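Scroll down for the structure; my scribbles are underneath it.
These numbers come from the heavy atoms of this one structure, side chains and all, not from hydrogens, waters or symmetry mates. Bear in mind that the values here come from a model prediction, so they are computed numbers and not experimental data.
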Amino acid sequence: MSTERTNETSDVAEKVIRIAGSITVDELAQALGLSVTTLIGELFKNGIVATINQRLDFETAEIMIQELGLKGVRLERKNTAAKLSEEGRRELSKDAVPRPPVVAVMGHVDHGKTTLLDNLLKKKTVETEAGGITQHISAYQLEHEGRKITFLDTPGHEAFAAIRQHGAMLTDIVVIVVAADDGVKPQTIEAIKFAQGANAKIIVAINKIDREGADVERTKAGLAEHGLMPEEWGGEIMMIPVSAKTGEGVEKLVEAILLIADVEELKADVEVPAEGLVIESHMETGKGSVVNLLVTGGELKVGEFVAAGGVYGKIRTMTDFRGKPKGKAGPSTPVTVTGFKELPNFGDRFLEYPDEKSARRAAVLAAQAQANEAASANVTSTDLLRMMNVEDNSKVFNVIIKGDVLGSVTSVVDSLKLIDTKGEVTLNVVATGVGDVTENDIYMAAGENTVVYGFNVNVPTNIAKLAARDGVEVRNFRVIYELLDDAKASMEKLLGEEVVETVVGEMKVMGVFRVTKTELIAGGEMTSGKLVPGVNVRVLRKKEILGEAVVESVQKERIEAKELIEKEIGGLAMKTEKKIQLEVGDKLEFFTREMRQRKLGE
């Protein structure tokens, strides 16, 4: 954080405060020349209970300056791109050796990503996924003519955006699968953005060319509209027509991947401590923590000590993606290991250490850093604006999330937080965890009106009975979007009902036949819509509302009728609660009025 003064053309000094990412309450107060208590008090007025070391993001700091009414103060972002681009990257040595490419397979749901991998690997996996949708990142390795390719099968449903983005960040090449009979869809566009953001090379597999209605050229045109120009059209993107079902074009796709790998000259050091990323983790009875890793450098061996985030352990067993034992794994290799003391977090970077003491120390330091970060968690501008705009009648929806693996838990929580409630309902995640629903989950939920959501987990019979006894709702799902739909419906129930009025027709009054304290009889021409007995009517003179009534009966050609429609002339009798001085030329607006469950985002 730095400050400086500059002279504007008006000779008024302007104070410029430069911050990188975020700034503490103390630092902002000093930069503004205010006491910390004054700034904390202003934050409190806006719904934020802050400490002196609380961090505020750039947008929140801007909002607070506006709230304080400070003139001549301007915030600027301090450029930290250079620093961030270098962070966490190890420079390759002259001894670096070629490594297999890491390929993420992405695309819209049901466009055939997993089926394509099944064809490549001759491994049937799609039936094991709930609803035929990939639920986790799965890592596989293919060998083609003596060369290996590592594949990451990333979830296709929009709810797994967080996981899919991690998948792109792990990747050298992204294969975007697009169905030739369906074309570019929202998740196709999302995958393109992720791949471009990760600076990965892109290949498009135009799938389902065997289907009726498949149109490869139309699909290419759709992709070109989103910045992916095919090679044959003068662009740089290789687009390979394939059929995951018949295998047509799959060989060409593999060759395209290896061609890009050759051009990119992908390399990694082997004679260095092993490192990589956690791509999944869960608990298994008899095995303890089971963790899927992707080695990115060095060689990971059984018996070595590693630390990932605030967790450490000794590699006890190691298997490849088929479950076959491995003694060591080099760069770009996915493995499943046991031996971590606890579950590391999805996306954590792991490092090898020479002994248990070093690994434990690294984990302790990382855990302390995480705790400090949580203690001084950033208050974002979104949080601030939500707190400032939230009404007194705001509702809270409490949930506990249990998932089969950490990646699922992360994605469910992130997806729930994306549900737009306009600040009217607050989602409160009471707790999360990996594994089956437990007695502790029920006790935590009891008495707090908390719903326990299970995703791909079991609810033992004794736990279900305990939940029923304590009045705790346990809702278990196998498909993510069904869970999200249920949560959204539950939050909408908290909004309650609302009165909805729907205009069904209008009439221009051409004659007034009777006006009493409780009754009106008139005639006119329907200018729009339809009139039926029983609807409400609003009497309008120009823009002024004279009163309301209820239509008791309708006549057409002096005979009682069921309805009048547009351009028809007829009469009607109306019941009123107070006298309305109806005149020729007034407008009658017919409408229905009903109670309806409110919807989120409305």
* Are the side chains of Val472 and Tyr443 in touch, meaning some heavy atoms are under 4.5 Å apart? -> no

* Structure fact -> d(Asp404 CG, Ser281 OG) to nearest 0.5 Å is 10.5 Å

* Structure fact -> Value for NE2 (His282) from NZ (Lys287), rounded to nearest 0.5 Å, stands at 7.5 Å

* Can you establish whether the number of heavy atoms outside Arg211 located under 6.0 Å from its atom CZ is more than 12? => no

* To do: Check side chain to side chain donor-acceptor pair (under 3.5 Å) between Glu482 and all other residues, then give those that pass, not counting sequence neighbours.
  => none

* Asked: Is atom CD of Glu552 surrounded by more than 12 heavy atoms (other residues, nucleotides or ligands) closer than 6.0 Å?
  -> yes

* Asked: Would a 4.5 Å heavy-atom cut-off, applied to side chains only, mark Ile463 and Glu439 as touching?
  -> yes

* Could you give me the CA-CA distance, side-chain angles and deciding distance for Leu588 and Val539, then say whether side-chain contact (heavy atoms from CB on, under 4.5 Å) is met? => CA-CA 5 Å; Leu588 301 181; Val539 181; 3.8 Å; yes

* Structure fact -> Heavy atoms of Ala179 and Thr219 approach each other most closely as O-OG1, 4.2 Å

* By side chain to side chain donor-acceptor pair (under 3.5 Å) - contacts of Asp485 (at least two apart) -> none

* Asked: Okay, side chain of Glu568, backbone of Ile565: is any donor-acceptor separation there less than 3.5 Å?
  -> yes

* To do: Starting at CD1 of Ile192, measure out to CD1 of Ile202 and round the result to the nearest 0.5 Å.
  => 7.0 Å

* Ring centres under 6.0 angstrom apart (Tyr140, Phe321) -> yes

* Asked: Under 3.5 Å, side chain of Asn292 to main-chain N/O of Ile279, donor-acceptor pair present?
  -> no

* Side chains of Phe455 and Ile480: closer than 4.5 Å at any heavy-atom pair? -> yes

* Structure fact -> What one should report as the nearest heavy-atom pair of Val175 and Ala205 is CG1-CB, 3.9 Å

* Structure fact -> When rounded to the nearest 0.5 Å, the distance separating CE of Met574 from CD of Glu519 is 9.5 Å

* Asked: So Val425 and Leu495, side-chain contact (heavy atoms from CB on, under 4.5 Å) or not? Walk me through it.
  -> CA-CA 7 Å; Val425 178; Leu495 293 176; 3.6 Å; yes

* **Main-chain N/O of Glu506 paired with Thr527 side-chain donor or acceptor, under 3.5 Å** => yes

* Separation of Thr592 OG1 from Asn536 CG (nearest 0.5 Å) -> 7.5 Å

* Asked: Where do Met526 and Leu564 come nearest, in terms of heavy atoms and distance?
  -> CG-CB, 3.8 Å

* State whether the side chain of Asn476 and the backbone N or O of Val457 hold a donor-acceptor pair below 3.5 Å, judged by distance alone. => yes

* Side-chain contact, heavy-atom cut-off 4.5 Å: Ser490 with Val451? -> no

* Asked: Where do Val554 and Glu563 come nearest, in terms of heavy atoms and distance?
  -> CG1-C, 4.4 Å

* **CA sep, side-chain torsions, deciding dist, call: Phe350, Val311, side-chain contact (heavy atoms from CB on, under 4.5 Å)** => CA-CA 9 Å; Phe350 78 83; Val311 179; over 6 Å; no

* Can you check side-chain contact (heavy atoms from CB on, under 4.5 Å) on Leu572 and Phe590, steps first, answer last? -> CA-CA 12 Å; Leu572 71 161; Phe590 307 110; 3.7 Å; yes

* Asked: Hey, are the side chains of Leu546 and Leu582 touching, using non-hydrogen atoms and a 4.5 Å cut-off?
  -> no

* Asked: Is there side-chain contact between Leu416 and Val429, with at least one heavy-atom pair below 4.5 Å?
  -> no

* Side chains of Phe397 and Lys493 in contact at under 4.5 Å (non-hydrogen atoms) -> no

* Closest heavy-atom contact between Ala561 and Pro533? -> O-CG, 4.3 Å

* Asked: Can you name the residues that form a side chain to side chain donor-acceptor pair (under 3.5 Å) with Lys208, not counting sequence neighbours?
  -> none

* Does any N or O in the side chain of Asn207 come within less than 3.5 Å of the main-chain N or O of Ala244, such that one atom is a donor and the other an acceptor? -> yes

* Asked: For the atom pair CG (Asp441) and OG1 (Thr450), what is the distance rounded to the nearest 0.5 Å?
  -> 11.0 Å

* Closest heavy-atom contact between Leu223 and Val184? -> N-CG2, 3.7 Å

* Asked: Any side-chain heavy atom of Val405 sitting closer than 4.5 Å to one from Leu343?
  -> no

* Asked: Below 4.0 angstrom, N of the basic side chain to O of the carboxylate: do Arg596 and Glu594 qualify?
  -> no

* Asked: Taking atom CD of Glu501 as the centre, does the number of heavy atoms from other residues, nucleotides or ligands within less than 6.0 Å exceed 12?
  -> yes

